[in-house]
Amino acid sequence: MPELPEVETTLRGIQPKVDQQTITAVIIRNGSLRWPVDKTLPKKLAGLPVLQVSRRGKYLLLKTEAGTLLIHLGMSGNLRVLPIGTVVKKHDHVDLEFSNGYVLRLNDPRRFGSVLWHPACEGSVENHKLLSKLAPEPLSDAFNGGYFFEKTRNRKVAIKSLVMNSAVAVGAGNIYANESLFMSQIHPQTQACSLSRKQCDVLVANIKRVLEAAIKQGGTTLKDFMSPDGKPGYFVQQLNVYDQGGKPCTVCGTPIERIILNQRASYFCPKCQKLKHPPKSPKPTKLTKKTNA
DNA sequence: TTTATAACCTGAACGC
DNA sequence: TGCGTTCAGGTTATAA
């Protein structure tokens with residue numbers, strides 16, 4: 001579920017209720033997330049005010065004087081701000097209660113999300129091993145065509161894999177990688193190193209454009225994404241190729257094709273996104289199922 | 001160093 | 001209706 005626009009939507013939703021508020025309690029109902037949740041968190045966090053709520057890539061960061069809490073929503077995670085005492089539902093794994101009477105509640109059915117602690121004594125949270133190798137923020141000036149062109153040199157992997165590689169570009173998951181490649185008229189299987197500087201400029205501009213548009217719409221709700229106030233995202237109404245297999249291309253009318261690339265569903269228009277430089281391996285799996293035709 | 005793959009886990013959708 | 005199978009929006013560790 002949550003790609004960068006969904007995480008940004010979550011950040012904007014929780015910020016007014018959480019920023020500068022004092023944590024009164026931490027409740028861990030099920031600490032078996034992607035990595036075990038630190039059982040001493042309740043002791044570490046109780047009584048501390050949240051100094052800053054921010055985002056780095058798809059990680060939400062809650063800074064306190066003792067350290068920073070890193071929250072990742074994984075594939076099915078959801079953060080809600082609710083009045084303390086709200087009935088607990090299935091898959092509500094972690095609560096942070098605040099002095100203003102609200103609770104920040106993590107619900108994550110698949111438990112691919114994570115809640116991690118970075119103590120202040122270990123320096124800036126940017127040094128955390130999960131953040132230190134992340135690419136520049138996609139909406140910052142540092143993420144530009146020149147940067148991306150350099151990153152694609154000598155890389156024979158399919159460009160879609162690189163767009164989704166957090167060391168090269170952060171924020172674009174499967175949905176937005178498919179959409180930005182369609183907008184750039186680049187086949188997802190194109191060898192990264194075959195891209196020209198101009199194509200890199202166009203692709204980077206489209207990654208930014210698609211992420212900004214999705215943020216404006218409150219993210220994309222395919223199955224279960226909800227912002228902290230319980231509203232769905234509306235970007236799904238603007239998807240050109242993702243999950244549109246078999247439907248006509250919005251530009252030329254050619255049926256959208258679906259292949260499996262690096263274990264992920266990839267959608268493209270075979271006419272608008274012609275494959276000029278295919279990688280030598282592996283061959284993608286072309287599926288006839290899930291074509292929506 | 002780069003790339004591919006398995007793994008983590010649950011629930012919805014689908015086929016029989 | 002019920003059961004079994006497949007697939008899903010992310011990311012890391014490991015192997016080749």
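Predicted model, so just to flag it, every value in this text is computed and none were measured. Proteins get letters first, then strands, A, B, ... in listed order; numbering begins at 1 in each.
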Nearest-angstrom distance from the residue atom CG of L70(A) to C1' of dT11(C): 14 Å
Short side-chain N/O contact to dG9(C) OP1/OP2 from R264(A), under 4.0 Å: yes
Shortest side-chain distance from E3(A), nucleotide among dT12(C), dC9(B), dG9(C): dG9(C)
Length of the line joining L134(A):CG and dT12(C):C1', which is rounded to integer Å: 13 Å
Atom of V168(A), atom of K151(A) and distance for their closest heavy-atom approach: CG1-CB, 3.9 Å
Flag for N127(A)-S132(A): side-chain donor and acceptor within less than 3.5 Å: no
Partner set under ring-ring contact (aromatic ring centres under 6.0 Å, His included) for F143(A), not counting sequence neighbours: Y147(A)
Gap between atoms NZ and C1', on K133(A) and dT2(B) respectively (whole Å): 14 Å
Spacing between R111(A) atom CZ and dG9(C) atom P, to the nearest angstrom: 20 Å
Set of side chain to side chain contact (heavy atoms under 4.5 Å, CB included) partners for T68(A), sequence neighbours left out: L61(A), K63(A), V125(A)
Partner set under side chain to side chain contact (heavy atoms under 4.5 Å, CB included) for Q20(A), not counting sequence neighbours: none
OG-CZ distance between S184(A) and R209(A), expressed to the nearest 0.5 angstrom: 8.5 Å
Sugar-phosphate, base or nothing in reach of L33(A), heavy atoms under 4.0 Å: nothing
Closest to side chain of R155(A), choosing from dT2(B), dA4(B), dG10(C): dT2(B)
Interatomic distance where CG belongs to L211(A) and P belongs to dG9(C) [whole Å]: 16 Å
Presence of Y242(A) side-chain N/O under 4.0 Å of dG9(C) phosphate oxygens OP1/OP2: yes
5' precedence on DNA chain B between N154(A) and K90(A) (nearest-nucleotide basis): N154(A)
Candidates dA4(B), dA8(C), dG10(C) - which lies nearest the side chain of A265(A): dA8(C)
Show each protein N/O and nucleotides 13-16 of chain C N/O combination with a separation under 3.5 Å, one pair to a line.
from    : atom 1 : to      : atom 2 : distance (Å)
dA13(C) : OP1    : K129(A) : NZ     : 3.2

Rounded distance in Å - CD (E6(A)) to P (dG10(C)): 9 Å
For atom CG of D108(A) and atom C1' of dG10(C), their distance in whole Å: 11 Å
N or O in side chain of Q263(A) less than 4.0 angstrom from dA4(B) OP1/OP2: no
Rounded distance in Å between the P positions of dT6(C) and dA6(B): 15 Å
Members sharing M164(A)'s hydrophobic cluster (side chains within less than 4.5 Å): none
Selection: residues 54-61 of chain A, any non-hydrogen atom under 4.0 Å of DNA chain C: K58(A), Y59(A)
Pairing annotation in dot-bracket form, given for DNA chain C with Watson-Crick or G-U pairs under 3.5 Å and | for cross-strand partners: .|||||||.|||||||
Apart from L82(A) itself, residues in the same hydrophobic cluster as defined by side-chain heavy atoms under 4.5 Å: I84(A), V103(A)
Salt bridge (Lys or Arg N to Asp or Glu O under 4.0 Å), paired with D95(A), selected from K89(A), R29(A), R80(A): R29(A)
Aromatic stack F112(A)/dC9(B): centroid gap under 5.5 Å, interplanar angle under 30°: no
Please tabulate, for the side chains in residues 42-58 of chain A, all donor-acceptor contacts under 3.5 angstrom to protein atoms that are two or more places apart in sequence or on a different chain.
from   : atom 1 : to      : atom 2 : distance (Å)
K44(A) : NZ     : D38(A)  : OD2    : 2.6
K44(A) : NZ     : T40(A)  : OG1    : 2.7
R55(A) : NE     : E8(A)   : OE1    : 2.7
R55(A) : NH1    : G57(A)  : O      : 2.9
R55(A) : NH1    : E137(A) : OE1    : 2.8
R55(A) : NH2    : E8(A)   : OE1    : 3.4
R55(A) : NH2    : E137(A) : OE1    : 3.1
R56(A) : NH1    : A135(A) : O      : 3.2
R56(A) : NH1    : E137(A) : OE2    : 2.8
R56(A) : NH2    : L134(A) : O      : 3.3
R56(A) : NH2    : A135(A) : O      : 2.8

Shortest side-chain distance from R110(A), nucleotide among dG11(B), dA4(B), dA8(C): dA8(C)
ring-ring contact (aromatic ring centres under 6.0 Å, His included) partners of residues 26-46 of chain A, not counting sequence neighbours, each pair once: none
K216(A): side chain to side chain contact (heavy atoms under 4.5 Å, CB included) partners, not counting sequence neighbours: none
Value in whole Å for how far the C1' atom of dC7(C) lies from CD1 of I175(A): 15 Å
Any H72(A) side-chain nitrogen or oxygen under 4.0 Å from OP1 or OP2 of dT11(C): yes
Shared-cluster residues of V87(A), by chain and number - hydrophobic side chains joined below 4.5 Å: none
